[in-house]
2 protein chains.
Amino acid sequence: MLTERFLCNRRRRELSKEELEVVEGAIAEVRTIPPRSQVVTAGKPIHASTLLVEGLMCRYMDDRAGNRQIVAIHIPGDFVDLHGFPLKHLDHDVATITSCKVACVPHENLETIIGTHPHLSRQLWFSTLMDAAMHREWTFRLGRLDANQRIAHLFCELYCRMNAVGLAKDGSFSLAITQQDVGETCGITSVHVNRALRNLRNDGLVTFRSKKVVIPDRAKLAKLADFEPNYLFFDPDFEALS
Amino acid sequence: MLTERFLCNRRRRELSKEELEVVEGAIAEVRTIPPRSQVVTAGKPIHASTLLVEGLMCRYMDDRAGNRQIVAIHIPGDFVDLHGFPLKHLDHDVATITSCKVACVPHENLETIIGTHPHLSRQLWFSTLMDAAMHREWTFRLGRLDANQRIAHLFCELYCRMNAVGLAKDGSFSLAITQQDVGETCGITSVHVNRALRNLRNDGLVTFRSKKVVIPDRAKLAKLADFEPNYLFFDPDFEALS
DNA sequence: CGACCGTTTGATTTAGCTCAACATCTGTGG
DNA sequence: CCACAGATGTTGAGCTAAATCAAACGGTCG
């Protein structure tokens, strides 16, 4: 089921099976998109939103010199550009990182849902607010943490989110991004990412090698990164999930 | 009228007079809050949202060492914590900067609006998405700009937003915050804010003195700051407003 | 008038950037 | 299966923006 990960993504008890089927039914098309390809361009009108089923996507903005700042990383189960539905166009670009399987939900179908399923539409609103909460945390990350901490914080967040959709366990998950991507996310150069990763590795906090993140001691990493997962609004017992 | 600035705040044509009166009618109480006082605490349940009528407020998160990162600055007309309505509690703290006049809208009243005014409730959703768009831009600011540019970018954004609610014109507006606040917003120390402000002043780009921002040449400042106001989703002709 | 908060300036240190070289990995075609 | 090319990762040396520490200055309000 395409929406399976969307279900367990957040606050799992909040969506009924029937509502999930409504979302599933709103999907018009399932596509596979090659890695590193732009999907949405800032400013251009959009008429469908993208539910990510498999792979990694990101949202980003470039400065005038062409340097990229990634403002969101999306994992399976995320509604990548749901906010484009009320906004009609986006203020940023969207691209795939890896090869991706996506489900396209036309805005006219969302329109119908809004009219007929008040609770579900509330959940869609909620979903966009979760993104905003992550944006805030990213602001905190960039404003207050040093390079080591930023990377640690990013890995902590991704671990929690991956874990919530069944893609991480025992302190380890697969993450097919480059050190350059990490740099563009954390506002540091790829050279310095490399050095920071070495620090973290030498301190036994986290390794990131061959597209795999391993966190031997999550509590220790979270402490270094000043990471408090409350902003992800998971179930209170999310900690219990390993 | 308390909601006057909320109306003209964004995409002014999107709210009808009748809808505005519905919002106005949902206000339960108008309060004046002293400067520098905390209004909402992260994690605590909230039962009303705050429409800022006069003054400046901010949303922030502290790291373990107590250093503050401001993640949003709110001006009159902003719905400060509307996202707290679907979320039920916030992931950050909210405080006043100056003395503030606020209108409190109980969530039960919002609940009623959602049920009875679909277009208006869409506009409320839209309003929270505008906040998210600003969060993204702040991520960009912190990730890609140096100290001078960050401050310039912040002033550009605030000018546009202040202008949209009639609180800025001819390149100048009143801004009752300290250099410390600017630092906590831009992720730099207050000492360095001071030096960066001197740079900007010496270059004739912007002055910030006695709680007043003066921008002699907005285009020049915007260029330095890589500032593109599209993310604010104002009317296409917002540039025309002086 | 003095106390306090915010601003300004100087001296020193440091985290991260830049530039440059080299190593390793991955996918591709011969 | 190997050779190669391009992308990604690693390391070093030197430089720069910003932090830190410290002190003095200037409004403003009891």
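Since the structure is predicted, the reported quantities are computational estimates derived from the model, not experimental observations. Chain identifiers are assigned alphabetically (A, B, ...) following the order of the sequence lines, protein sequences preceding nucleic acid strands; residue numbering begins at 1 within each chain.
Judged by distance alone, the side chain of A:Asp78 and the main-chain N or O of A:Leu52 form no donor-acceptor pair under 3.5 Å. At least one donor-acceptor pair under 3.5 Å links the side chain of B:Thr189 to the backbone N or O of B:His192. Judged by distance alone, the side chain of A:Asp81 and the main-chain N or O of A:Ser49 form no donor-acceptor pair under 3.5 Å.
Counting to the nearest Å, the C1' atom of C:dG16 and the CG atom of A:Leu197 are 15 Å from each other. Taking atom CZ of residue B:Arg209 and atom C1' of nucleotide C:dG6, one finds them 14 Å apart after rounding to whole Å. In this structure, A:Lys212 atom NZ and C:dC25 atom P are separated by 18 Å, rounded to whole Å.
In summary, A:Arg64 and B:Asp226 engage in a salt bridge, as defined by a charged side-chain N under 4.0 Å from a carboxylate O.
Classified by interplanar angle (parallel below 30°, tilted 30° to 60°, perpendicular above 60°), the ring pair A:Phe227/A:His153 is perpendicular. A:Phe173 and A:Tyr159 have tilted rings, their planes meeting at an angle from 30° to 60° on a 0 to 90° scale.
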Stepwise side-chain hydrogen bond (donor to acceptor under 3.5 Å, both in side chains) check, B:Asp131 with B:Thr128: CA-CA 5 Å; B:Asp131 281 340; B:Thr128 61; over 6 Å; no
Along nucleotides 12-30 of chain D, 5' to 3', which nucleotides get a B, which get an S, and which get a -, given that the test is a protein heavy-atom distance under 4.0 Å? BB----BSBB---------
Are there any protein N/O atoms within less than 3.5 Å of an N/O atom in nucleotides 4-9 of chain D, and if so, which ones and at what distance?
{"unit_1": "D:dG9", "atom_1": "OP2", "unit_2": "A:Gln179", "atom_2": "N", "d": "2.8"}

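Separating the SG atom in A:Cys156 from the CZ atom in A:Arg218 is a distance of 9.5 Å, to the nearest 0.5 Å.
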